[in-house]
Structure formats: C-alpha cells, structure tokens
Amino acid sequence: VGIAGVGGLGSAVAVALARIGVGRLILADFDIVEPSNLNRQQFFVDQIGLLKVYALTDTLRRINPYITIEPHAVRLDPGNIPSIFAPCPIIIEAFDLAEMKAMLVDSVLEQLPDSSVIAASGVAGFGDNNGITTRRVSARFYLVGDGSSEAAPGNGLMAPRVAIAAGQQANQAVRLILGEEL
C-alpha cells in the first residue's frame with residue numbers, strides 16, 4: 001500500500017495497516033514533525049524536527065518489525081508519483097490541500113491503471129461521527145469524508161474525526177486487499 005502524505009490521516013492509516021500485518025508500505029512526504037502535529041498525528045515529542053517519513057518508519061518498525069517500509073522524503077508531483085507508487089495496487093491520499101489531493105487522484109487514475117486510490121475530504125472539526133462515510137466514486141476511486149466540512153478558524157483538524165477517516169481509509173484498503181468491493 002502506498003501512502004501519499006504521512007500527517008494526521010497518513011500516519012494513522014500506516015499504523016493501522018502495520019498493526020494488521022500489511023507486508024509492504026511505501027510512504028511519501030516532504031514535511032518535518034512539528035509540535036503542532038502532535039495533537040492528531042502518530043509522532044512523539046522526541047521526533048520533532050525529523051522528516052515525517054523517517055520518524056514514522058521508526059515507529060512502524062517498532063510496531064511490526066516484519067513489514068517492509070520504503071520511505072520517500074519528497075514532494076510528490078505528477079512526474080514522480082508513477083515511479084514511487086508503481087508497485088502499489090492501493091494508494092492512500094492523505095494530503096491537507098485540495099489541489100494536492102486532486103493532483104494525486106488525477107495522477108493515479110491517469111498514470112497507474114492497475115492502482116486504486118482512497119482519498120479523504122471533509123474531516124475537519126468535531127461534527128457528527130456518522131457523517132464520515134466511504135463511497136465509491138468510480139471503479140478505482142474511493143472517497144472518505146462528510147463531503148462538506150473543511151478546516152477554518154474554530155473548525156480545525158482534530159484527532160477524533162481525523163482518526164475516524166483514517167480508520168475508514170485503512171479499512172477500505174483491507175477490503176480491497178481481500179478482494180471485496182464497496
């Protein structure tokens with residue numbers, strides 16, 4: 001499974017998949033761990049200042065030393081997405097910015113015909129738990145979220161709803177691995 005972005009969504013998806021024994025994870029992110037990440041991301045105080053992909057790799061190896069983890073400390077773009085995620089039948093989109101989300105989804109659907117993408121949108125704030133759902137948008141594209149909430153002053157990204165969405169992304173990945181459709 002490939003994970004594009006290892007912040008709140010991506011780090012939680014990676015932890016869930018590592019715990020159930022998914023054999024290979026390919027992680028890509030260019031960012032570093034900052035104190036403001038600790039309220040919703042799977043990092044620790046002693047990892048502040050480290051590149052997220054390497055900090056998460058260390059954490060995942062502590063959780064499950066038997067999986068293969070391939071970290072890429074890069075900013076993803078349409079030119080490098082195919083080469084990084086070529087081995088992945090499933091790619092998790094876990095970015096913050098709408099334009100990056102769209103770029104990843106478009107790149108996977110256009111350039112990786114054997115891969116499915118599981119994206120997330122609409123997970124901000126502290127709204128209704130049951131509003132976050134998973135829906136199949138097309139044959140290879142799944143979308144998790146409530147379809148409306150976005151981060152804004154007073155309605156930021158908070159661990160509970162991010163965790164709900166990440167759990168649904170991880171679960172959809174498992175369903176695809178097991179051959180189930182939504």
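Everything numeric in this text was worked out from a predicted model, so none of it was measured. What's counted below: heavy atoms across the whole structure, side chains too, no hydrogens, waters or symmetry copies. Positions are given from 1 along the sequence.
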Hydrophobic cluster membership, Ile81 vs Leu97, 4.5 Å side-chain cutoff:
yes
Name all residues meeting the side chain to side chain donor-acceptor pair (under 3.5 Å) criterion together with Ser116; count only those two or more places apart in sequence or in a different chain, and write none if there are none.
none
Establish whether Phe95 and Leu112 are linked, either directly or via other cluster members, by ILVMFWY side-chain heavy-atom contacts under 4.5 Å.
yes
Once salt bridge (charged side-chain N to carboxylate O under 4.0 Å, His left out) is applied, what residue pairs with a partner in residues 79-95 remain, sequence neighbours excluded?
Glu93-Lys101
Report yes if some heavy atom in the side chain of Val22 is under 4.5 Å from a heavy atom in the side chain of Ile67; otherwise report no.
no
Which pair of heavy atoms, one from Pro82 and one from Gln111, lies closest together, and at what distance?
CG-OE1, 2.8 Å
Are any side-chain N or O atoms of Ser115 and backbone N or O atoms of Cys88, one a donor and one an acceptor, separated by less than 3.5 Å?
yes
Distance (rounded to the nearest 0.5 Å) between Ile118 CD1 and Gln169 CD:
7.0 Å
To the nearest 0.5 Å, tell me how far Leu38 CG sits from Phe43 CZ.
9.0 Å
Cluster question for you: counting only ILVMFWY and a side-chain heavy-atom cut-off of under 4.5 Å, with indirect links fine, are Val137 and Leu104 together?
yes
Check residues 72-80 and write down every donor-acceptor pair under 3.5 Å in which the side-chain atom is one partner and the other belongs to a residue at least two apart or another chain.
residue: His72; atom: NE2; partner: Glu70; partner atom: OE2; Å: 2.7
residue: Asp77; atom: OD1; partner: Gly79; partner atom: N; Å: 2.7
residue: Asp77; atom: OD1; partner: Asn80; partner atom: N; Å: 3.0
residue: Asn80; atom: OD1; partner: Asp77; partner atom: N; Å: 2.8
residue: Asn80; atom: ND2; partner: Arg75; partner atom: O; Å: 3.1

Any side-chain heavy-atom pair of Val117 and Tyr142 under 4.5 Å
no
Indicate, with yes or no, if Ile90 and Ile20 share a hydrophobic cluster defined by side-chain heavy-atom contacts under 4.5 Å among Ile, Leu, Val, Met, Phe, Trp and Tyr.
yes
Shared hydrophobic cluster, Leu27 / Ile177 (ILVMFWY, side-chain heavy atoms < 4.5 Å)
yes
Between Val108 and Phe85, is there a side-chain heavy-atom distance shorter than 4.5 Å?
no
Any heavy-atom pair between the side chains of Leu176 and Pro89 that's under 4.5 Å?
no
Hits for side chain to side chain donor-acceptor pair (under 3.5 Å) against Gln172, two or more places apart or cross-chain, chain-then-number order -> none
So which pairs with a foot in residues 103-113 pass salt bridge (charged side-chain N to carboxylate O under 4.0 Å, His left out), sequence neighbours left out?
none
Which pair of non-hydrogen atoms, one from Pro71 and one from Ile69, has the smallest distance, and what is that distance?
CD-O, 3.5 Å
As an exercise, state the distance from CG of Asp31 to CG of Asn37, rounded to the nearest 0.5 Å.
6.5 Å
Can you find a pair of side-chain heavy atoms, one from Val1 and one from Ile92, that are under 4.5 Å apart?
yes
Across all chains, not counting sequence neighbours, the side chain to side chain donor-acceptor pair (under 3.5 Å) partners of Glu99 are none
Can you give the donor-acceptor pairs under 3.5 Å from side chains of residues 47-63 to other protein atoms, not counting sequence neighbours?
residue: Gln47; atom: OE1; partner: Phe44; partner atom: N; Å: 2.9
residue: Gln47; atom: NE2; partner: Ala55; partner atom: O; Å: 3.1
residue: Gln47; atom: NE2; partner: Thr59; partner atom: OG1; Å: 3.2
residue: Lys52; atom: NZ; partner: Gln41; partner atom: OE1; Å: 3.1
residue: Thr57; atom: OG1; partner: Val53; partner atom: O; Å: 2.6
residue: Thr59; atom: OG1; partner: Ala55; partner atom: O; Å: 3.2

With a cut-off of 3.5 Å and sequence neighbours excluded, list every side-chain donor-acceptor pair involving residues 8-19.
residue: Ser11; atom: OG; partner: Gly7; partner atom: O; Å: 2.5
residue: Ser11; atom: OG; partner: Gln42; partner atom: N; Å: 3.1

Restricting to pairs with a member in residues 132-145, which pass salt bridge (charged side-chain N to carboxylate O under 4.0 Å, His left out), not counting sequence neighbours?
Arg136-Glu181
To the nearest 0.5 angstrom, please state how far the CD1 atom of Ile91 sits from the CD1 atom of Ile84.
10.5 Å
Does the Asp146 side chain pair with the main chain of Ile132, one donor and one acceptor, at a distance under 3.5 Å?
no
Which heavy-atom pair separates Ile26 from Pro87 by the least distance, and what is that distance?
CD1-CG, 3.9 Å
With rounding to the nearest 0.5 Å, note down the distance linking CZ in Arg161 to CZ in Arg40.
14.0 Å
